[in-house]
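In what follows, a single structure is set out as C-alpha cells and then discussed.
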2 protein chains.
Amino acid sequence: MIAGDRASRPGGRTARVRSDVLAAVESELAEHGYDGLTIGAVAARSGVHRTTLYRRWKTVAGLLVDLLEAGADDSWEPADTGSLEGDLIAVNREIHAALTTRPSITQAMIAASFRTTDAADALTRFWEDRYARTALVVSRAVARGEIPSDTDAHQVLLTATAPLYHQVILLRQPMSRDQADRHARIAAASVR
Amino acid sequence: MIAGDRASRPGGRTARVRSDVLAAVESELAEHGYDGLTIGAVAARSGVHRTTLYRRWKTVAGLLVDLLEAGADDSWEPADTGSLEGDLIAVNREIHAALTTRPSITQAMIAASFRTTDAADALTRFWEDRYARTALVVSRAVARGEIPSDTDAHQVLLTATAPLYHQVILLRQPMSRDQADRHARIAAASVR
DNA sequence: ATCCTAACGCAACGTCCGTCGCATTTAGGG
DNA sequence: CCCTAAATGCGACGGACGTTGCGTTAGGAT
C-alpha cells in the first residue's frame with residue numbers, strides 16, 4: 001500500500017518526505033516511547049504537514065509498519081557455527097540484542113500490534129519470514145545426522161526463543177546473555 | 001488506590017457502581033476488544049456517568065487493573081499430580097485455557113500494559129505472584145528426589161510456559177493442547 | 001429521626017485528533 | 001520548455017476526550 005504503488009511517482013520530494021518522516025518517528029520513539037508517539041509530534045519534528053501523514057500513513061501504527069519494512073533485511077540468514085547448539089545460541093544472542101537495545105523497534109511494533117490489525121499483520125509476516133529462515137539451522141543439523149529427520153523445527157525454535165520474548169517483553173524482567181544461551185542449549189538437548 | 005481506601009465509605013451505592021462498571025467493561029471487551037474499549041462506552045452501558053469513571057478509575061487501563069484485581073484468586077495453587085511432568089502439564093493446560101477463551105482478559109491486560117505503566121505494573125505483580133506460587137511444583141519435585149536441589153525453578157517454568165504465550169500472543173498462531181503438553185514435557189526433561 | 005459528608009450526576013468548557021475542500025508546489029512526460 | 005497530474009501545504013470543521021465547578025443523592029454516625 002505505502003511502498004507498493006511506486007510506479008506512479010517515485011519522485012524526489014516524496015522520497016525526501018518519507019525519509020524525513022521515518023527519521024522523525026525513530027527520534028520520537030527514542031525520546032517518548034511508543035505511548036508518546038503521536039502523529040502531531042512526528043509532523044512537527046519532521047516539518048511535514050499533519051494532513052500528509054494522515055493521507056499516506058493513516059495511523060501511528062502505519063508509520064511503524066513502514067519503518068519496520070524499511071529496516072527489513074532481505075538477505076538475513078542464521079549463522080552457521082557447525083552445530084545445532086551453536087546455531088541456536090547465535091540466534092538467541094541476536095534476539096537478545098534486538099530486545100535490549102534502546103529504542104527497541106521490536107518492542108514498539110509489538111505495542112502497536114495490539115492496537116491495529118495492520119501492525120499485527122505486518123509483525124506476523126515479519127516473524128513468519130524470520131522463523132522460516134531460521135528453520136535452516138534445524139535442516140542443517142538433520143543433514144549432518146545430528147538429529148532425527150522428523151524433528152519439528154518450529155517446536156525447537158519456539159523452545160529456544162520464546163523464553164527470551166516472554167521474560168523481557170511480557171514479564172518485563174531482565175534476561176542475561178547467559179540465560180539466553182542456556183535456553184538455546186535446552187532446546188538443542190530436547191531433540192537429541 | 002482504588003480498592004485501597006475502603007476505610008472511609010465502603011457504601012452500598014459505591015459497591016454497586018463498581019460492580020456495574022466492571023461488568024460493563026467485561027461486556028465491552030467481549031464485543032469490541034481492547035482497542036474498542038472506551039470510557040464513554042463503558043459509561044453508557046453501565047449507566048454510570050463519565051465523570052465518575054474518570055474520577056475513580058482515571059483511564060481505561062485503570063478499569064482493567066481493577067478488573068484483574070477483582071478476579072484475582074488469592075487461594076490459587078498448582079495441582080499436585082505426583083510428578084513434575086504431570087504438574088507442568090496441568091499448569092500449561094490452565095494457561096492454554098486462559099489464552100484461548102474469549103474474551104481473554106489476559107490478552108486485554110497485555111495490550112493495556114503497553115500503554116500505561118499502571119497496567120504494566122499490575123500485570124507484572126500478578127505474574128510474579130503466579131510464578132512464585134507455581135514454583136511449588138519444582139520444590140515438590142526436589143522433595144521427592146526427582147530432580148537436583150539446585151534446580152532453577154524460574155528457568156524450568158519459563159521453558160514450559162513461555163512457548164504458549166509466545167505462540168498465541170506474539171506470533172498470533174493457534175496452539176493445540178498437545179503442543180502445550182509437549183512443551184511441558186520438554187521442560188520436565190530439561191532438568192533430569 | 002436527623003445531620004454530615006463522601007460519592008455521584010450534570011453541564012459546560014478547552015484541547016487534541018482526524019477529516020475535508022481547496023490552493024500550491026513539484027515530478028515526469030511530451 | 002511547457003503541461004498535466006500527483007503529492008503536499010493550508011485552514012477550518014466536527015467530534016471525541018478529559019477536566020472543572022457546582023448541585024444532588026445517599027450511606028453512615030450521632
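So you know, we letter chains A, B, ... as the sequences are listed, proteins then strands, and number each from 1. Keep in mind the model is a prediction, meaning the values are calculated, not measured.
Atom pair B:R18:CZ and C:dA6:C1' shows a separation of 17 Å (rounding to whole Å applied). The CG atom of A:L53 sits 14 Å away from the C1' atom of C:dT19 (whole-angstrom rounding). One can place CH2 of A:W57 at 12 Å from P of D:dA7, the figure rounded to the nearest angstrom. Atom C1' of nucleotide C:dT25 and atom NE2 of A:H49 are separated by 14 Å, given to the nearest angstrom. The nearest whole Å value for the distance from the CZ atom in A:R16 to the C1' atom in D:dA7 is 12 Å. Atom CZ in B:R115 sits about 12 Å away from atom C1' in D:dC17, given to the nearest Å.
Partners of B:H166 under the ring-ring contact (aromatic ring centres under 6.0 Å, His included) rule, at least two apart in sequence or in another chain, are A:W127, A:Y165.
When each of D:dA7, C:dC10, D:dG11 is scored by its nearest atom to the side-chain atoms of A:R56, the top-ranked nucleotide is D:dA7. Of all nucleotides listed (D:dG18, C:dC10, C:dG18), C:dG18 comes nearest to the side chain of A:Y54. Listed nucleotides: C:dT19, D:dA7, C:dC8. Nearest to the side chain of A:K58: C:dT19. Comparing D:dT19, C:dT19, D:dT20 by their nearest atom to the side chain of B:R55 picks out D:dT20. Closest to the B:T38 side chain, of the nucleotides C:dC8, D:dC17, C:dC20, is D:dC17.
The side chain of A:T14 places no N or O atom within less than 4.0 Å of a non-bridging phosphate oxygen (OP1 or OP2) of C:dA27. Listed pair A:T52 / D:dG9 meets the phosphate criterion, a side-chain N or O lying under 4.0 Å from OP1 or OP2.
At a threshold of 4.0 Å, the pair A:D129-A:R133 counts as salt-bridged, since one of the basic side-chain nitrogens sits closer than that to a carboxylate oxygen. A salt bridge between A:R185 and A:E85 is present, with a side-chain N of the basic residue lying under 4.0 Å from a carboxylate O of the acidic one.
Between the side chain of B:R50 and the base of C:dG9, no donor-acceptor pair under 3.5 Å is found.
For CZ of A:R172, the number of neighbouring non-hydrogen atoms (other residues, nucleotides, ligands) closer than 6.0 Å is greater than 12.
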Side-chain donor-acceptor distances from residues 32-42 of chain A under 3.5 Å, at least two apart:
none

